[in-house]
Number of protein chains: 2
Amino acid sequence: MADIARVTGVSPMTVSRAFKTDSLISKETRDAILMAAEDLGYVFDSTASNLRSQRSDFVAVTIPSINNANFADTVGGLSETLATRKMQILLGYTNYDMQEEERLIEQLLRRKPQAIVVTGGKHTPRARKLLANAHIPVIETWDVPPDPIGHFVGFSNAGAVCGMVDHFVDVGYQRLAFIGGDVGRDTRGSDRRNGFVAAMNRHGLDPSRLIAAGPPPISMREGANAMARLLETLPDTEAVICVSDLSAFGALTECQRRGIPVPDGIAIAGFGNYEIGAISVPTITTINAFSRDIGEKAARLILDLLDGQALADNITIQPELILRDSSR
Amino acid sequence: MADIARVTGVSPMTVSRAFKTDSLISKETRDAILMAAEDLGYVFDSTASNLRSQRSDFVAVTIPSINNANFADTVGGLSETLATRKMQILLGYTNYDMQEEERLIEQLLRRKPQAIVVTGGKHTPRARKLLANAHIPVIETWDVPPDPIGHFVGFSNAGAVCGMVDHFVDVGYQRLAFIGGDVGRDTRGSDRRNGFVAAMNRHGLDPSRLIAAGPPPISMREGANAMARLLETLPDTEAVICVSDLSAFGALTECQRRGIPVPDGIAIAGFGNYEIGAISVPTITTINAFSRDIGEKAARLILDLLDGQALADNITIQPELILRDSSR
DNA sequence: TTGAAAGCGCTAACAG
DNA sequence: CTGTTAGCGCTTTCAA
């Protein structure tokens, strides 16, 4: 900026002003400065700007995995909405691990983000403390935390699966199974499994047909392997709910390889409304959790909180059951 | 740090040293400082650190879309390899748009990253200038640029598809088609299409069976729609190569809906070795471009360049043809 | 092994 | 509309 100021014959402060859209500065001065900047190959230094003004334009976001269309949609919604205010996302992956999440949160907070968005409502005690002490908006997503740290934008994973079980029982299925990950790591998957068990108990049905397909996330292949185990150990199962559409599709392919018709031989459902479930043959019954909406609403909430005009602290999403050809 | 220094009875400089792993400081002093820091809820300020030391721990990365398993794998490889040196990724999405890429590159460079990784070898002139002037390692990926800005880690998209056409012609297919996006936006997709046309011409076959399925990226649904058009307008097509496994799977489902057997009625191939092609029924012939390797190798190249000990400027990947059940 | 002084590049605050 | 001064929180540099 000093160089530009020298070339243009103004003070560094005026150069600084020329790069802000709002500040009052004459058009000619600004044009001359911007031209000189381009000439000199000047690149604005956000680091110095952030340090001096004590406000970054970062929003920190942690997701379990970058390679998941649902979380990608949430990040997309966040990113696009925050871009309207020139805020940038600082993204980290926890790999479905709370310890890793803690490390990541600590690292991200060092950048002094304006807000932080985390996935899920369960964290290590230290992570909770770090978030609470950061004195910035904290948004938990993809869950309805029993004890929110700050704010949340999410839905009940257990409740959503309960609704699906209710529907399946309604249309006459009795021997239902659930394919998910190993318990204890992916808390959203565990919550879905818990919702399955609770709903089965409520209906007086056997809740023990649970297949654990390995550590989350469960791939298509693991869904297929789980379906193979299910068909071999509990061949009278009438319908199976999978923790995601990806594992549900894997399960479907296993049936196709074995010549078992879906849904007449066995019904299959997934979770997450991934594109594959809408186009596979047969299409797959699923639950739409409005991934992109979660991101957009979280971003809007952040902007409102920063403006001091948030209407609500929390946003609860109503997931939608989508009935397709893989079930009756 | 001043607060911690006061509490601990040392100078701020000593506190600073306590947070570096290497620096020489007595064990007792460091322990006391770290304990005081935890007590006070101190969070290290990377912004100030970066400004003073004039080096960030950022590597900037631009990808066309976050919601793409191939690019996600590349970012995963980058991220994990760079994490070994405590470097963090600053990620941006271009949405397959060179103008947007230019804006993004400008924004990312303001953070003074240590290196920048971009997808593809085509950029606006201004973006090229910005990258060249940044005086940091620039890595182009997923392509073999005719005129590299700095370094590249990639493969020839055209060459990979050429190899696939050669194989198809070898095994007896003659009337081949290509399903891709509209020309002009996604340059990797266009390159694949060009590779198809070149190879067909080389074999003296008709290269005009080209279906444009809309602006990239092409979804499963768009692949299905394109296949419907292909079957209606050019029903004697023997095999179709799709720009990605996702569109290939969509095309496959369209055949299934119409009762057309694959590969006996028509053969289908994709690109990218997505999980879906390995598990669908039938499995889908594809090209493995080693997405994750691209990221890992780019990261390793960056680390070597920063250490001043890079063995090679560029890394050319050899894509691998994977023959599966969707083709003869 | 520790400390003192200076300053990274920008902008808040105030003055004109 | 423009300029001056000071300082954000750290680390480089030099000294002890």
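Every chain is numbered from 1 and lettered A, B, ... according to where its sequence line falls, protein lines coming before strand lines.
- Taking the side chain as every heavy atom from C-beta outward, B/Phe19 and B/Ser49 never approach each other to under 4.5 Å.
- Donor-acceptor pairing under 3.5 Å is recorded for the side chains of B/Ser26 and B/Thr29.
- Using a cut-off of 4.0 Å between Lys/Arg side-chain N and Asp/Glu carboxylate O, A/Arg292 and A/Glu296 are scored as salt-bridged.
- No donor-acceptor pair closer than 3.5 Å links the side chain of A/Asn95 to the backbone N or O of A/Asp97.
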Problem set entry | Under 4.0 Å protein heavy-atom contact, by nucleotide of nucleotides 7-16 of chain D - B base, S sugar-phosphate only | BBBBBBB---
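- If you measure from atom CZ of A/Phe19 to atom P of C/dA12, you get 15 Å, rounded to the nearest angstrom.
- A salt bridge does not link A/Asp45 with B/Arg111: none of the charged nitrogens is closer than 4.0 Å to a carboxylate oxygen.
- Among the heavy atoms of the strands lying under 4.0 Å from A/Thr29 are primed sugar atoms or P, OP1, OP2 only; no base atom is included.
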